[in-house]
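Only one structure is covered here, and it is reproduced in the block below.
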Amino acid sequence: MFHLSWQKSSFSGGDAGNSCVELALGSGDLRHLRESDDPDVIVTTGAAKLRAFILGVKAGEFDHLI
């Protein structure tokens, strides 16, 4: 199996109690996301789809869901 190197956001802080989304680069175009407090659940997507999602979040397209 391909080893994934997970990266936390610098905004999450270093404390053990801070849960956050982690990102790992997979082979080829694959990107993997997980929540640090539930690391066995991994979402896998392509780079272009992840970029579109992040741009949508930044633009407020999902604000009505909170």
Side-chain angles (χ1 to χ4, degrees):
M1 180 172 172
F2 186 78
H3 173 74
L4 297 176
S5 180
W6 294 98
Q7 178 181 344
K8 282 186 180 183
S9 167
S10 59
F11 292 104
S12 69
D15 298 339
N18 288 342
S19 57
C20 64
V21 174
E22 299 175 323
L23 176 67
L25 300 177
S27 60
D29 184 53
L30 296 179
R31 304 298 181 257
H32 307 281
L33 294 99
R34 70 180 183 184
E35 220 175 311
S36 60
D37 62 347
D38 194 5
D40 292 331
V41 177
I42 299 172
V43 175
T44 302
T45 189
K49 288 182 181 182
L50 179 59
R51 176 174 161 59
F53 175 72
I54 292 172
L55 290 173
V57 169
K58 287 182 175 183
E61 292 180 23
F62 304 101
D63 288 356
H64 66 283
L65 298 174
I66 2 181

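Any value given below was found using the heavy atoms of this structure, including those in side chains, with hydrogens, waters and symmetry copies removed. Numbering of residues begins at 1 and proceeds along the displayed sequence. No experiment lies behind these values; they were computed from the predicted model shown.
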(request) Of all the heavy-atom pairs spanning L4 and G26, show the shortest one and how long it is. (result)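 Scanning both residues completely, I find the closest heavy atoms to be CD2-CA, 4.2 Å.
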
(message) Can you give me the closest heavy-atom contact between A24 and S5, atom names plus distance?
(response)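 In this case the closest contact between A24 and S5 is CB-O, 3.6 Å.
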
(request) Would you give the length of the straight line joining atom CG of L33 to atom CH2 of W6, rounded to the nearest 0.5 angstrom? (result)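 Between atom CG of L33 and atom CH2 of W6 there are 7.0 Å.
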
(message) Going by salt bridge (charged side-chain N to carboxylate O under 4.0 Å, His left out), name the pairs with one or both residues in residues 25-37, residues two or more places apart or in two chains.
(response)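 Found E22-R34.
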
Compile the donor-acceptor pairs under 3.5 Å between side chains in residues 40-59 and protein atoms, sequence neighbours left out, one pair per line.
residue, atom, partner, partner atom, Å
T44, OG1, H32, ND1, 2.8

